[in-house]
Amino acid sequence: MATLEFFPIDVDYITTLAGRALIRIFGRTVDGKKVCIYDDTFEPYFYVFPRKQTDIRPLIEKLTTLKIKDTPHISFVTKVDIVKKHIIGEEREILKVFVNHPSDVSVLKKEITFFKEATGVAESDIQFYKRYLIDKHITPLVSCTVEGEEMEDTVNCDIILKARNIQQTNDALIKNPKILAFDIEVSSTLGTPNPKEDPIVMVAFYGNEGYSKVITWKSFSQPKKHVEFVSDEAELIIRFKDTITEYKPDYIVGYFSDGFDFPYLRDRAEKYKIKLALGLDGKPIKFSKRTDINTTRIKGIAHIDIYKFIVRAMRDTLDVESFDLDTVATKLLGEGKADIPITELHHAWESNDQEKIRAYCDYNLQDAKITYRLTNLMLPQLNEFVKVVGLPIDEVSRMSFGQLIENYLMRRVQEFNEIIPNKPDYAEKKRRATESYEGGYVYEPQPGTYNDIIVFDFKSLFPTIISAHNICVSTITLNQVDSIPSPDILVNRKLTRYYFSHAKEGFMPVIIKDILTRRNRIKEIMKKDEKKDPVLDARQYSLKILANSFYGYLGFSAARWYNNACAASITAYARQYIKNVITKVKENGFNVIYGDTDSVFFSLGNKTKKDALLFLQEINRELPSLMELEFENYYPRGIFVMKKGDEKGAKKKYALIDEQGKIKVTGFESIRGDWSVIAKEVQKKVFEIILKDNDIPGALTYTQQIIKQVYAKEIPLEKMIIKKRLKKDISDYENIGPHVEVAKRLQQRGEKVTIGTKIAYIINEGKGIVRERARLLDETESYDSEYYVKNQILPAVAKIFEVLGYDEKSLIMQEQSSLSDFSKK
DNA sequence: TGGTTCCACAT
DNA sequence: CAGTTTGGAACCA
């Protein structure tokens with residue numbers, strides 16, 4: 001008998017020779033050993049609802065004799081218990097049905113739906129390992145104590161234990177997990193690397209304590225210590241495998257490795273008949289291709305595609321044009337990729353340019369290194385999600401917020417003895433998708449520029465409403481006694497109110513309060529801390545987005561706890577609160593400019609910032625607990641573009657400048673990526689002149705000046721380049737865009753153009769439609785001024801000038817001599 | 001207006 | 001406990 005403390009990393013189950021399920025937990029012990037725990041004490045089960053009380057006995061009889069033969073396997077029930085459970089708040093006697101094997105659950109469930117004594121089944125769609133983690137209260141990465149016997153097995157672990165008893169005894173998180181980041185480089189001619197032709201030429205690893213390794217199959221003189229030469233690509237792949245096996249990482253990390261590195265390695269390994277048997281159980285890597293989304297999983301090791309997580313977690317907060325590795329790393333780490341164009345790797349490799357190959361090895365290692373560093377940076381957030389949701393890190397890293405919330409709820413509702421609702425079927429999802437309700441309130445601004453702007457916003461508005469008004473699927477009621485109605489809600493063109501019982505706190509408010517107080521605790525610690533601990537910050541931030549996702553979850557058609565009425569009530573309260581604030585802002589002599597869902601923008605007029613802050617305190621005194629209106633910022637100037645009277649879908653479009661001179665632009669996102677440099681430049685500069693210098697005529701003159709230069713061909717050609725990527729094979733395009741047309745010509749020239757090739761073109765002067773005039777930089781004689789003014793520059797700035805009273809004509813008119821002559825709208 | 005289509009990112 | 005699982009913008013009649 002041995003006792004052991006360890007941190008679970010990966011959990012699954014296997015089937016024994018006797019046909020029983022055996023839970024398997026891979027992890028790392030406190031002293032750094034790889035461990036595998038087997039647990040055969042857990043039995044699969046689900047619930048069955050009897051139609052009526054008198055059906056219980058015959059139903060149990062029927063269940064216990066139920067056998068379904070699907071040779072060679074027989075599915076059968078092993079035991080039936082009568083249990084009391086809550087179904088959305090209401091207690092009922094139902095049957096807990098234990099079965100022989102996890103796969104029996106779905107087999108038997110299908111049969112039981114035809115039983116006249118039963119009205120349905122529940123919790124039959126929860127994977128066995130999830131069920132295990134939930135029921136045993138085990139959270140991956142958090143310390144577990146296990147008692148059991150050591151045993152022999154083929155898994156590649158230092159210790160193998162058959163568990164007798166396993167439990168989470170404290171909340172210590174895994175310290176210094178072994179992380180191994182990797183990256184491959186491919187020698188490809190042009191466009192997307194093609195795994196059928198283009199070989200992997202190098203692979204780099206970066207791990208804890210500066211562990212570095214680059215493997216490549218062309219040698220050069222005086223290589224760095226970490227460089228390993230092999231004879232060919234096949235050996236490179238074998239050494240790739242060995243390196244991982246020897247390093248024994250807990251996490252393997254790549255940047256877009258689900259989508260590129262691993263699938264590529266798979267294809268190349270296949271060519272040489274090499275098995276990528278990286279799993280600790282000796283099994284190969286598992287690839288799953290779900291329509292568009294690839295995932296690569298390794299048994300016993302958590303594979304994290306940190307790109308996926310960064311995009312999911314930071315899409316709204318990280319202000320970048322693209323989530324490519326260089327941009328993200330530069331922004332988050334202050335360190336980007338090595339400065340050498342990857343497009344030239346092919347040439348260097350083919351021509352045996354030793355110096356360049358050496359440089360590409362450094363480049364390769366740098367990619368692995370920044371991937372490693374990004375992982376470390378994101379780890380506190382990932383850990384927080386793992387701790388809250390209770391699932392393995394590789395899974396959590398790929399989950400949407402809806403899934404995170406759902407899995408969190410599935411775990412937490414156990415405390416309330418709640419049954420987990422079934423996932424909706426396709427028809428139900430469709431039906432739900434048609435249900436809509438009113439969203440947040442928008443106070444539409446008068447377009448124009450404003451000075452001395454104050455912004456207040458509600459701190460976590462939706463979560464605090466859920467908590468303050470006890471909004472929950474379990475408290476919503478038809479019984480108007482002891483319950484409080486929501487504000488009026490428009491349902492099918494009729495004003496309605498939903499009622500929420502306040503007799504007992506619902507489980508959703510309780511759970512959300514937990515998240516919010518947990519977050520507040522972290523923020524309290526942070527306040528005392530002089531140098532804001534980034535780990536704590538990441539943790540409080542992840543709790544914030546988790547809390548904020550709750551509302552969206554209630555309105556998400558595929559959610560188990562979908563509830564349109566709850567979602568509609570939350571926004572109804574939100575509208576009430578923000579309208580109330582807006583009214584008070586006006587009453588207090590400020591000028592309201594704009595408001596959206598949880599925020600209000602107003603100008604001070606002849607009042608002061610201090611007045612505004614005192615007023616804020618006043619408002620907060622009246623708000624229920626946890627709800628709070630916050631001072632967001634003060635902006636000396638701002639410009640609002642959206643129009644009053646526009647349809648309700650009017651997009652928020654505004655730009656603000658803060659006291660530090662930093663310009664915050666919202667809603668002008670169309671000007672990015674595939675626009676020409678000149679268009680982006682003009683828009684940026686126009687904002688600067690208007691907001692920094694408060695010089696509208698100046699901005700106008702500047703724009704006219706640029707347009708004049710465009711017509712005079714004074715703009716360097718480089719600034720006119722438009723870049724678009726080929727997404728399918730040239731022949732597959734039905735609509736031939738300019739970039740496709742150029743790609744065709746490139747191909748005729750004998751250049752290799754494949755899916756993924758980025759085409760950079762310039763629209764030239766001449767006859768014909770736009771695509772006929774698209775040329776490469778070196779083919780360009782003279783760009784089409786008209787096109788660039790009308791399709792690039794004007795769209796970028798016209799909206800801005802429009803609100804200032806100038807139409808497009810005034811921007812292009814060259815003859816006008818003084819500003820006063822410009823046509824005012 | 002709503003229903004398609006495209007696209008991220010990797011070399 | 002399985003194979004219908006993205007999400008947002010641009011485009012298009």
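By convention in this document, chain letters (A, B, ...) are assigned in the order of the sequence lines, proteins followed by strands, and residues within each chain are numbered from 1.
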Salt bridge or not between [X] and [Y]? Use side-chain N to carboxylate O under 4.0 Å.
X: A:Lys356; Y: A:Glu344; answer: no
X: A:Arg398; Y: A:Asp305; answer: no
X: A:Lys369; Y: A:Glu335; answer: yes

Below the 4.0 Å mark, does C:dC1 have OP1 or OP2 next to a side-chain nitrogen or oxygen of A:Tyr13?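 So the side-chain polar atoms of A:Tyr13 do come within 4.0 Å of the phosphate oxygens OP1 or OP2 of C:dC1, strictly under.
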
Quick one: is B:dA10 close enough that its OP1 or OP2 comes under 4.0 Å of any side-chain N or O from A:Lys337?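 No.
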
Using a 4.0 Å heavy-atom cut-off, does [X] contact any base of the nucleic acid, only the sugar-phosphate backbone, or nothing at all?
X: A:Asp367; answer: sugar-phosphate
X: A:Val105; answer: base
X: A:Ile126; answer: base
X: A:Asp324; answer: sugar-phosphate
X: A:Phe46; answer: nothing

Separation of [N] [atom2] from [X] [atom1] (nearest whole Å):
X: A:Phe256; N: B:dC9; atom1: CZ; atom2: P; answer: 8 Å
X: A:Asn194; N: B:dT11; atom1: CG; atom2: C1'; answer: 11 Å
X: A:Ile310; N: B:dA10; atom1: CD1; atom2: P; answer: 11 Å
X: A:Ile23; N: C:dC1; atom1: CD1; atom2: C1'; answer: 12 Å
X: A:Tyr132; N: C:dC1; atom1: OH; atom2: C1'; answer: 18 Å
X: A:Lys109; N: C:dC1; atom1: NZ; atom2: P; answer: 11 Å
X: A:Tyr307; N: C:dT6; atom1: OH; atom2: C1'; answer: 11 Å
X: A:Asp425; N: C:dC1; atom1: CG; atom2: P; answer: 20 Å

Atom C1', compared across C:dT6 and B:dC9: separation rounded to whole Å: 15 Å

Could you please name the option among [options] that lies closest to any side-chain atom of [X]?
X: A:Phe323; options: B:dT11, C:dT4, B:dC9; result: B:dC9
X: A:Tyr255; options: C:dC1, B:dC9, B:dT11; result: B:dC9
X: A:Pro193; options: B:dA8, C:dC1, B:dT11; result: B:dT11
X: A:Leu325; options: C:dA2, C:dT4, B:dA10; result: B:dA10
X: A:Asp183; options: B:dT11, C:dC1, B:dA8; result: B:dT11
X: A:Asp125; options: C:dA2, C:dT4, B:dC9; result: C:dA2

Counting only heavy atoms not in A:Lys283, do more than 12 sit closer than 6.0 Å to its NZ atom?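 Counting neighbours around NZ of A:Lys283, 12 or fewer heavy atoms of other residues, nucleotides or ligands fall under 6.0 Å, so no.
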
Neighbour count above 12 (heavy atom, 6.0 Å) for A:Asp339 CG: no

Sequence neighbours excluded, which residues qualify as side-chain contact (heavy atoms from CB on, under 4.5 Å) partners of A:Asp267?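 Partners of A:Asp267 by the side-chain contact (heavy atoms from CB on, under 4.5 Å) criterion, ordered by chain and then number, come out as A:Pro195.
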
